Amino acid sequence: MADKKLRKVSLKELSEKVDESLFENPMFKKEDNNSYGHFSSIIKEIRDGGENTHLIKIRPPLFYLSGFFSNLTRFLSGTESFKIMDNERWGKREVEHLKRLNPDISAETTPFDNAFLVEKIDGSVVFDILDSNTISNEKKKEVIGQIVKGLRNIHEKDLYHGEPTTQNCIYSKKGEIYWIDFEIEYHEDLTDDEKKSRDLEQLTLSILGAFEEEGEIGLDDHELIGLIFDSYGDEETISFFANNPNLPLIGPYRIYQLSFKSGIRFYQAQYTLLEYLTEYNTE
Ligand SMILES: Nc1ncnc2c1ncn2[C@@H]1O[C@H](COP(=O)(O)OP(=O)(O)OP(=O)(O)O)[C@@H](O)[C@H]1O
Ligand SMILES: [Mg+2]
């Protein structure tokens, strides 16, 4: 990917390429216009005139409505994280994190505060990889190890993700992992250990949620959590997490919506994680 260069797109070029109606419609349909994204943002493919395909991630003006409700539910559930409402800060944070963590990926802010550009990664989101029945269990375990190591790498750079779910990382056709979507921040007064534990909690639940039933890849949930923690490898953070297992769950509605196929599995995953942490403490 390093050979592809992203051109800085001027306001004029950008406005020519971006359909203005995208900015007006908050509930954009995925099927239309090669676009993806869930609720609060629109992602549209954009060509630079050459061979490269880039993505433009846009926050429509009505984002404020969904952002407000998202933060309200976070607040009501006692969650200590929030969606970044300030568009300028949002775009800058995403672009900076993408570039710092993935030096081979191009990303640029644009003259619009509510839009930035990122190179399209050729691959699939990890949720789809784990859900696929054409990929072996061994390969799935390997991918799990890779995404968890990717989170550790983020933490080692003194950064955190905020919403590390299997929908927010991409497994490329070359077998590399790219973390994306850095639009959630934790409250500033949390310590680094608290932020890292919350990231680890969220990713663990999200991985468990990718499987409809326990044992799907030949590991029971305890073994799967063991694989996740071993791959993460930082005993200090894991032990901090185990000593503080009752952290308020991060964005419970959001994590359920993005990572789980059934409510029962969601409660089972939370219960097993708590059990695992308690056992970890008594060992
Ligand atoms: N650089 C990229 N390359 C390839 N696919 C991408 C890239 N960035 C985003 N995507 C795809 O678009 C989806 C949504 O992107 P992203 O996670 O950044 O937005 P989002 O904030 O989750 O959207 P929403 O807030 O609307 O739920 C991703 O799950 C992924 O499938
Ligand atoms: Mg996302």
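Just follow the structure's listing: the first ligand is 1, and inside any ligand the first atom is 1. Everything numeric here is computed off the predicted structure, so don't read it as measured data.
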Legend entry - Charged N-O contact under 4.0 Å between R198 and E201: no

Which of the atoms in ligand 1, numbered in the order shown and given with their element, are less than 4.0 Å from a heavy-atom of [X]?
X    : value
L55  : 1 (N), 2 (C), 3 (N), 4 (C), 5 (N), 6 (C), 7 (C), 8 (N)
I180 : 8 (N), 9 (C), 10 (N), 17 (O), 28 (C)
Q167 : 29 (O)
V118 : 1 (N)
E183 : 20 (P), 21 (O), 25 (O)
N168 : 17 (O)
V125 : 29 (O), 30 (C), 31 (O)

Inset, instruction - Ignoring hydrogens and angles, tell me if any N or O in the side chain of E194 forms a donor-acceptor pair with the backbone of T191 under 3.5 Å. - result: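 Confirmed, E194 side chain pairs with T191 backbone.
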
Inset, instruction - Check whether any heavy atom of E119 sits under 4.0 Å from an atom of ligand 1. - result: yes

Inset, instruction - Ignoring angles and geometry beyond distance, decide whether E94 reaches within less than 3.5 Å of ligand 1 through its nitrogen or oxygen atoms. - result: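 N/O-N/O distance below 3.5 Å does not exist for this pair.
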
Inset, instruction - Indicate if the distance from the Mg ion (ligand 2) to the nearest N, O or S atom of Q167 falls below 2.8 Å. - result: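 For Q167, the answer is no, given that no N, O or S atom comes within less than 2.8 Å of the Mg ion (ligand 2).
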
Inset, instruction - Would you list the pairs meeting salt bridge (Lys or Arg N to Asp or Glu O under 4.0 Å) in which at least one residue belongs to residues 143-155, sequence neighbours left out? - result: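 Checked against salt bridge (Lys or Arg N to Asp or Glu O under 4.0 Å) - neighbours excluded - the pairs reaching residues 143-155 are R152-E156.
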
Inset, instruction - Please lay out, stage by stage, how D221 and R265 fare under the test salt bridge (Lys or Arg N to Asp or Glu O under 4.0 Å). - result: CA-CA 11 Å; D221 281 348; R265 183 77 181 126; 2.7 Å; yes

Inset, instruction - Classify the contact between I121 and ligand 1 as side chain, backbone, both or neither, using a heavy-atom distance cut-off of under 4.0 Å. - result: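 Both backbone and side chain.
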
Inset, instruction - Have a look at ligand 1 and work out which part of I170, if any, has a heavy atom under 4.0 Å from it: side chain, backbone, both or neither. - result: side chain

Inset, instruction - Report yes or no: is the cationic atom of R93 (NZ for Lys, CZ for Arg) under 6.0 Å from the centre of the six-membered ring of Y160, at an angle within 45° of the ring normal? - result: yes

Legend entry - Sub-6.0 Å ring centroid separation between F229 and Y276: yes

Inset, instruction - For the Mg ion (ligand 2), find the closest N/O/S atom on D181 and give its atom name. - result: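 Atom name of the closest N, O or S in D181: OD2.
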
Legend entry - Which atom of I225 lies closest to which atom of L273, heavy atoms considered: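 The pair with the smallest heavy-atom distance is CD1-CA, 3.8 Å.
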
Legend entry - Closest contact, heavy atoms only, E188 versus K195: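 Minimum heavy-atom separation between E188 and K195: O-NZ, 4.1 Å.
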
Legend entry - Those residues that, when tested against F182, pass ring-ring contact (aromatic ring centres under 6.0 Å, His included) (two or more places apart):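 With neighbours one apart ignored, the set is H97, H161.
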
